There are 2 protein chains.
Amino acid sequence: MTTEDRSAGGQSRAPTIKDVAALAGVGVKTVSRVINNEPNVRPEKQARILEAVERLNYRRNTSASSIRRLDQRTASIGLVVEDLANPFASLLARVVQDYALERQHLVLVGSSDGVADRERELVAEFCARRVDGLLIVPSGTDQSYLEAERRRSVPVVFVDRPGRRIKADTVLSENDRGVREAVHHLTRHGHSRIAYLGDRQSVYTAAQRIAGYRAAMEELVAGVDTRYVRTGLRDSTSAYQAALDVLAQAPAPTALICGNNSITAGAVHAMHKLGVRNRVAVIGFDDLELADLLQPALTVIVQDIATIGRRAADLLFEQLKDPTDGYRRIAVPVTLIPRGSGEIPTPDDKTGR
Amino acid sequence: MTTEDRSAGGQSRAPTIKDVAALAGVGVKTVSRVINNEPNVRPEKQARILEAVERLNYRRNTSASSIRRLDQRTASIGLVVEDLANPFASLLARVVQDYALERQHLVLVGSSDGVADRERELVAEFCARRVDGLLIVPSGTDQSYLEAERRRSVPVVFVDRPGRRIKADTVLSENDRGVREAVHHLTRHGHSRIAYLGDRQSVYTAAQRIAGYRAAMEELVAGVDTRYVRTGLRDSTSAYQAALDVLAQAPAPTALICGNNSITAGAVHAMHKLGVRNRVAVIGFDDLELADLLQPALTVIVQDIATIGRRAADLLFEQLKDPTDGYRRIAVPVTLIPRGSGEIPTPDDKTGR
DNA sequence: TACGTTGTCGATAACGTTGTCAATCGTCGG
DNA sequence: CCGACGATTGACAACGTTATCGACAACGTA
């Protein structure tokens, strides 16, 4: 009991393996064995050690452990997203965390804001802490700097878009397929004048999506009417303007596909303004909270973010287990969820609805 | 040039301070000095060292550094939220990250899902990695286990709700004030039959919010009519049912306050179903994407999450700089944003609008 | 009984870094 | 020219852990 007092009263420094060994009356290596679940420790001694661990509230110092281990593992991984505050990134992070925690790993997270320098800074900080692997939503036009990390056998997996000037495992959504399907969906409801509002083409996913639009329009309709296409939309405000503009064309488009979340918001806003919410069909890429409470409810193409995160983490831990040379690219399907706004028929649609 | 080849070709292990020292032709301690910006290094030597660092792409090993330093600092902090995938948590995390990164710190994040054991597990893992401090959105009824960490001088700050059975710095929203103001707002538009839908009372914020409702109703109206109050609503489905139920009372309430996000969603859904969206006023706690696109647009009470995060990080880093004994509690104001749904007048309001 | 085999255990070195400290260098006043 | 004093430098120990390795015990076999 007196020892309890001493340990409880000890004021500052965390107990070490040495303290545990002393209290249990064994050598430090034996304590290490117990902590790491190594075999060949007599049960009786093991029990004594575990009791000491409990009593001192001992926790292994991962830092010290990792510098000494042969594999240098820290049991933590780094995740770089564009902006953790957005729903895609936060759900991705959540999934990755759960996956990692199940394997006793922790996740360091950082937001690059799409700025290449910030991405590099984050990666550098992660590597200073010797993360075991990196999950990156890449920004900028050059990820070749990651080669250095990979040479130190830190595996890298890209998420949402491929890295540039470097080959690595990658997990993507089937962006083009999604928009293709949206076009298809709209044509089935009689539309042919289908407009498209998209982000800057330099954004990989935006390029993929509009490519899907173009391909589908070529295939299913007469082709792309450039009057109905607007790109370079960075936010909902510019999307609002672009939507007003596109809907003012003559003849006006009868349907609208929006390349992302904020564009959808801006476009819906514009349709309200023009009073055409119930006449013009809309399909948005990415789901929105409350999308089903709008009138009409919003038809959307949703990404399977949970699967993306899980597959990416999968690839990372697989590489952690046994490093290989080949690079895999995984495409995760997207889903069109009809809720009303995408099923509005053409005004001149004789089939009705 | 030959050295370049050797270093570039070197296959696996990260370069150490020793490698840098060898390449620059100096002692390791001098390299350490340069890395840590310590004074008393001749500029010429410093330049040579920095060049070697550059050439080898050297990065200090934070783990090794932290076990040796006197303060044991790892320049990383731990953040436990309930669910990183929800907007509150993800914005909080984002803000905290930025704040930390500006000070060269990284953030380990974990989601407790409101499960006390998971919270403890996360904290334990964080502490194994010797984080310098902890930011916690506490779950469960007992955070006294954190005393042990604090004795090792790991500062703790609670966010969104206070920890139980332990005193520590805390940053909260003025939940009660927010709901109070909502009631006030509704009464100004002629309402007196104001219903309230809330989460389980065991949730701290939910209790605070309904307390604000009760206080305001006592003060401004005749008092609380229990037929108009429903609590224990865990999700939008149960909120949907509760809203249908409350709106079926006779006389029916003319206004509705929803205690959180998902309750608002459920309630709005129910109002659609009953066709009373334009007749019954609604105010929701917490903002929603697209809230301004609903018809009528949703009046909400929003928390200033960015400020909460910044203040919490502030407190943490302040404690890190110089540990003190006093515990502070910071209350961050909330704001009512009128958008339409909260300004619907009472049917029998003679003032009109 | 002698011997080999397997299981158990701890002393010690080592990981990459920083703290300590003594040695050396340079400068300045006398 | 000498001595003093501060700036500069690096050898070495130490941090908390794991890897290596030799010592010893327990057991079975010849």
Side-chain angles (χ1 to χ4, degrees), chain A residues 10 12-49 52-53 56-76 127-132 152-153, chain B residues 10 12-49 52-53 56-76 127-132 152-153:
Chain A
S12 63
R13 218 157 182 97
T16 75
I17 202 175
K18 233 169 166 173
D19 301 320
V20 176
L23 181 58
V26 300
V28 288
K29 178 63 213 196
T30 307
V31 176
S32 173
R33 268 190 271 263
V34 171
I35 294 167
N36 294 296
N37 284 317
E38 288 172 30
N40 299 339
V41 177
R42 224 187 291 277
E44 177 240 345
K45 224 162 229 190
Q46 168 145 346
R48 233 166 57 227
I49 291 171
V53 165
L56 295 175
N57 192 20
Y58 168 81
R59 289 243 118 216
R60 165 172 65 194
N61 184 326
T62 309
S63 300
S65 170
S66 92
I67 46 169
R68 185 52 182 128
R69 295 185 100 86
L70 290 182
D71 56 14
Q72 302 250 93
R73 292 285 167 83
T74 56
S76 52
C127 291
R129 283 155 186 83
R130 296 297 187 271
V131 293
D132 297 339
R152 299 172 195 171
S153 57
Chain B
S12 65
R13 218 156 181 99
T16 74
I17 202 174
K18 233 168 167 173
D19 300 322
V20 177
L23 181 58
V26 300
V28 289
K29 179 64 210 194
T30 308
V31 176
S32 173
R33 267 188 272 265
V34 171
I35 295 167
N36 294 297
N37 284 316
E38 287 172 30
N40 300 338
V41 177
R42 225 186 288 279
E44 177 242 344
K45 224 162 228 190
Q46 167 144 346
R48 230 166 59 226
I49 291 171
V53 165
L56 295 175
N57 193 19
Y58 168 81
R59 289 245 118 215
R60 167 172 64 195
N61 184 327
T62 309
S63 300
S65 171
S66 93
I67 48 167
R68 185 54 180 121
R69 297 184 102 84
L70 290 181
D71 56 15
Q72 303 249 95
R73 292 284 168 83
T74 55
S76 52
C127 290
R129 282 155 188 84
R130 297 298 187 268
V131 293
D132 297 340
R152 298 172 195 171
S153 56

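Chain A is the first sequence line, chain B the second, and so forth, proteins listed ahead of strands; every chain is numbered from 1. Model, not experiment: these values are computed from the prediction.
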Check the distance between D:dT8's P and B:Arg48's CZ and give it to me in whole angstrom. 15 Å

Let me know the distance between CD of B:Gln72 and C1' of D:dA14, rounded to the nearest Å. 12 Å

Pick one: which of B:Arg48, B:Gln46, B:Arg33 meets side-chain contact (heavy atoms from CB on, under 4.5 Å) with B:Val26? B:Arg48

How many Å lie between NZ on A:Lys18 and C1' on C:dG10, as a whole number? 14 Å

According to a strict under-4.0 Å criterion, is A:Lys45 in side-chain N/O contact with OP1 or OP2 of C:dC9? yes

Side chain of A:Val26 - closest among C:dG10, D:dT18, C:dC9: C:dG10

Sugar-phosphate atoms are those with a prime plus P, OP1 and OP2; base atoms are the rest. Using that split, label each nucleotide of nucleotides 19-26 of chain C B, S or - for protein heavy atoms under 4.0 Å, 5' to 3'. BB------

Without decimals, in angstroms, what is the distance between A:Arg13 CZ and D:dC15 C1'? 8 Å

Assign each of A:Tyr58 and B:Gly27 the nucleotide of DNA chain D bearing its closest heavy atom; nearer the 5' end lies the nucleotide of B:Gly27

Between atom CD in A:Gln46 and atom C1' in C:dG7, what is the gap in whole Å? 15 Å

B:Ile17 CD1 to D:dT9 P, in whole Å, measures 15 Å

Using the closest heavy atom to pick a nucleotide of DNA chain D for each, name whichever of A:Ile67 or B:Thr30 lands nearer the 5' end. B:Thr30

Atom CZ of A:Arg152 and atom P of C:dG16: how far apart are they, to the nearest Å? 12 Å

At less than 4.0 Å, is any side-chain N or O atom of A:Asn36 found next to OP1 or OP2 of D:dT18? Yes or no. yes

Taking atom P of C:dG16 as reference, at what distance in whole Å does atom CD1 of B:Ile35 sit? 13 Å

Mind checking whether B:Arg129 and A:Ser76 have side chains closer than 4.5 Å, heavy atoms only? yes

Are B:Ser32 and C:dT17 close enough that a side-chain N or O sits under 4.0 Å from OP1 or OP2? no

Please confirm whether the shortest side-chain N or O distance from A:Asn40 to OP1 or OP2 of C:dT8 is below 4.0 Å. yes

With a 4.5 Å limit on heavy-atom distance, are the side chains of A:Arg152 and B:Asn57 in contact? yes

Where the side chain of A:Val41 is defined as all heavy atoms beyond and including C-beta, which of C:dC9, C:dT18, D:dG16 is the nearest nucleotide? C:dC9

Quick one: does B:Asn36's side chain get under 4.5 Å of B:Arg69's, heavy atoms only? yes

Are any of the side-chain heavy atoms of B:Asn61 and B:Thr16 separated by less than 4.5 Å? no

Closest non-hydrogen contact found for B:Val31 with B:Ile17 is CG1-CG1, 3.4 Å

Where A:Ile35 and A:Arg60 come nearest, the two heavy atoms and their spacing: CG2-NH1, 4.1 Å

